[in-house]
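All remarks here apply to the structure that follows.
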Protein chains: 2
Amino acid sequence: MKRQGILEELRVRGVRLTPQRLLILNAVAEGEGHLGVDEVFRQAKQSYPYMDIATVYRTLHLFKRLGVVTEVAIGDRLHFEIRDPDRRHHHMVCAKCGGAYDLAPDYLDGFREALMKEFSFEPDLDNFTVTGVCANCNAGPSDSPQG
Amino acid sequence: MKRQGILEELRVRGVRLTPQRLLILNAVAEGEGHLGVDEVFRQAKQSYPYMDIATVYRTLHLFKRLGVVTEVAIGDRLHFEIRDPDRRHHHMVCAKCGGAYDLAPDYLDGFREALMKEFSFEPDLDNFTVTGVCANCNAGPSDSPQG
DNA sequence: ATACTTGCAAAAAGTTTGCTCTCTG
DNA sequence: CAGAGAGCAAACTTTTTGCAAGTAT
């Protein structure tokens, strides 16, 4: 599906398609949610043991520059996910369990408009993440899930 | 003013007041907005050249644990500011000029309620930061969007 | 007096870079 | 074939840690 479209776009843009890049793209694409650099690395390395962490960094940066992936700041580390303009969303990250959930963009429409209207501040909500405590962790406060 | 109150609280809590800690507290307090670790370090070092970066880290963590300062994630780096319960606010950070602006908490009231109601997700908006492009940078773009 | 702190140095952890050889287009 | 990319190792940056010596209470 969209994997093909991405490859096509890369080709059109004159970006060389190396096995490493394909593996990294796959890793990010498979990893649904969003993967940290090291997760992408490990994943890609499974198919190609010579994979180098530097290549992962360079490729991820390349992909980001090309608009193929999106950076999501989770905690103090960057995560990456395939950028799909039709499925834009934000993220809720639980500070307790580390879980990350997608959030429909319209929850922030009002906020965005307010910022633009009031401050002429154009928020970049693509990389937007709210930290907090998720339903599960709120219900069962860490140690005793049910007693 | 509140500096005294903080010192009093530290004393009550049995935290030792060393010159280093006072300098670090001052640095954060002076630096209005929010300072990065290195900024706090440099600032404090001006008054006391032997100041060590490890001390800054340890002290900042201590202050955070005690609720004296708040961590603000700006970019991929933590910044710190004095925590004043009477002046809670969020932050808008300009991705272009790096400027950080305070944002009144009520801009997010609706958002918070929606998250809690819909997902039982309790957002931690104390450490909340929106990235984007500020009015200035939007007006006179220093670099062109695409070449 | 004594436990908490600091300074210093070294260790970690995460990211980036220089260089050479390889491979894509 | 030419130039972009990969592999590798070393450099960097930021943050943390172990310890001996110093200091606040």
Side-chain angles (χ1 to χ4, degrees), chain A residues 6-28 34-66 68-69 71-80 98 127, chain B residues 6-28 34-66 68-69 71-80 98 127:
Chain A
I6 292 175
L7 295 182
E8 184 51 33
E9 195 184 317
L10 293 183
R11 191 168 292 126
V12 170
R13 296 244 222 159
V15 174
R16 294 194 178 175
L17 295 182
T18 65
Q20 289 87 341
R21 287 180 176 175
L22 297 181
L23 286 170
I24 290 170
L25 177 61
N26 275 0
V28 179
H34 12 59
L35 282 61
V37 175
D38 58 317
E39 293 170 305
V40 174
F41 178 47
R42 272 201 300 277
Q43 188 66 34
K45 199 167 188 172
Q46 284 185 14
S47 308
Y48 174 55
Y50 289 93
M51 181 63 73
D52 193 89
I53 186 69
T55 300
V56 175
Y57 274 104
R58 284 192 276 231
T59 302
L60 250 17
H61 289 170
L62 170 71
F63 283 175
K64 182 200 161 193
R65 217 179 312 135
L66 294 174
V68 169
V69 302
E71 274 180 7
V72 182
I74 292 186
D76 55 346
R77 207 71 76 232
L78 289 179
H79 286 218
F80 296 81
N127 293 18
Chain B
I6 292 174
L7 294 183
E8 184 51 32
E9 194 184 316
L10 292 182
R11 190 168 293 128
V12 169
R13 294 243 223 158
V15 173
R16 292 194 180 173
L17 295 181
T18 66
Q20 290 87 340
R21 288 179 175 174
L22 296 181
L23 286 170
I24 290 169
L25 177 62
N26 274 359
V28 179
H34 12 61
L35 282 60
V37 175
D38 59 318
E39 293 171 303
V40 175
F41 177 47
R42 273 201 299 277
Q43 187 66 36
K45 199 168 189 173
Q46 284 184 13
S47 308
Y48 175 53
Y50 290 94
M51 180 64 71
D52 192 88
I53 187 68
T55 300
V56 175
Y57 275 104
R58 286 190 278 229
T59 303
L60 251 17
H61 289 169
L62 170 71
F63 283 175
K64 181 198 161 195
R65 216 178 314 134
L66 295 174
V68 169
V69 302
E71 272 180 8
V72 182
I74 293 187
D76 56 347
R77 206 72 75 234
L78 289 179
H79 285 219
F80 295 82
N127 292 20

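Lettering of chains follows the sequences in order, A, B, ..., and the numbering in each one begins at 1. The structure displayed is predicted, hence computed values, not measured ones.
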Spacing of B:L78 atom CG relative to C:dA13 atom C1', expressed in whole Å:
15 Å
Is B:H61 near enough to D:dT16 that one of its side-chain N or O atoms lies under 4.0 angstrom from OP1 or OP2?
yes
Full working for side chain to side chain contact (heavy atoms under 4.5 Å, CB included) between B:L7 and B:L22
CA-CA 9 Å; B:L7 294 183; B:L22 296 181; 3.4 Å; yes
Return the minimal non-hydrogen interatomic distance between B:L78 and B:A73, and the atom names on each side.
CD2-CA, 4.0 Å
Can you measure A:F41 atom CZ to D:dC8 atom C1' for me and round it to whole angstrom units?
12 Å
Which pair of non-hydrogen atoms, one from B:V69 and one from B:L60, has the smallest distance, and what is that distance?
CG2-O, 4.0 Å
Figure out the CG/P separation between B:L25 and C:dT5, and round it to whole Å.
15 Å
Candidates D:dA6, C:dC8, D:dT14 - which lies nearest the side chain of A:T59
D:dA6
A:R42 and A:E39 ion-paired at < 4.0 Å
no
Is the phosphate of D:dT23 approached by B:Q20 (side-chain N or O, under 4.0 Å from OP1 or OP2)?
no
NA contact type, A:Y57, heavy-atom cut-off 4.0 Å: base, sugar-phosphate, or nothing?
base
What is the per-nucleotide protein-contact pattern of nucleotides 19-25 of chain C, from the 5' end, where B denotes a base atom under 4.0 Å from a protein heavy atom, S denotes such proximity for sugar-phosphate atoms only, and - denotes neither?
-----BS
For the pair made of CZ in A:R77 and P in D:dT13, what is the distance, rounded to whole Å?
17 Å
Looking only at heavy atoms, which two atoms of A:F63 and A:R21 are closest? And how far apart?
CZ-O, 3.7 Å
Please report the distance, rounded to the nearest Å, between CZ in B:R65 and C1' in D:dT16.
13 Å
Across the strands shown, which category fits B:Y48 at heavy-atom distances under 4.0 angstrom: base, sugar-phosphate, nothing?
sugar-phosphate
Please find the pair of heavy atoms, one from A:G36 and one from A:H79, that lie closest to each other, and give the distance.
N-ND1, 3.7 Å
To the nearest angstrom, the CG-C1' distance between B:D38 and D:dT14 comes to 10 Å
More 5' along DNA chain C: B:D52 or B:R21, using each one's nearest nucleotide?
B:R21
5' priority, DNA chain C, between B:I53 and A:V37 [closest heavy atom]
B:I53
Roughly how many Å is it from CD1 in B:I24 to C1' in C:dT6, rounded to a whole number?
10 Å
If I take atom CG in residue B:L10 and atom C1' in nucleotide C:dC4, what distance separates them, rounded to the nearest angstrom?
14 Å
Looking at B:M51 and B:F41, what are the two nearest heavy atoms and their distance?
O-CE1, 3.2 Å
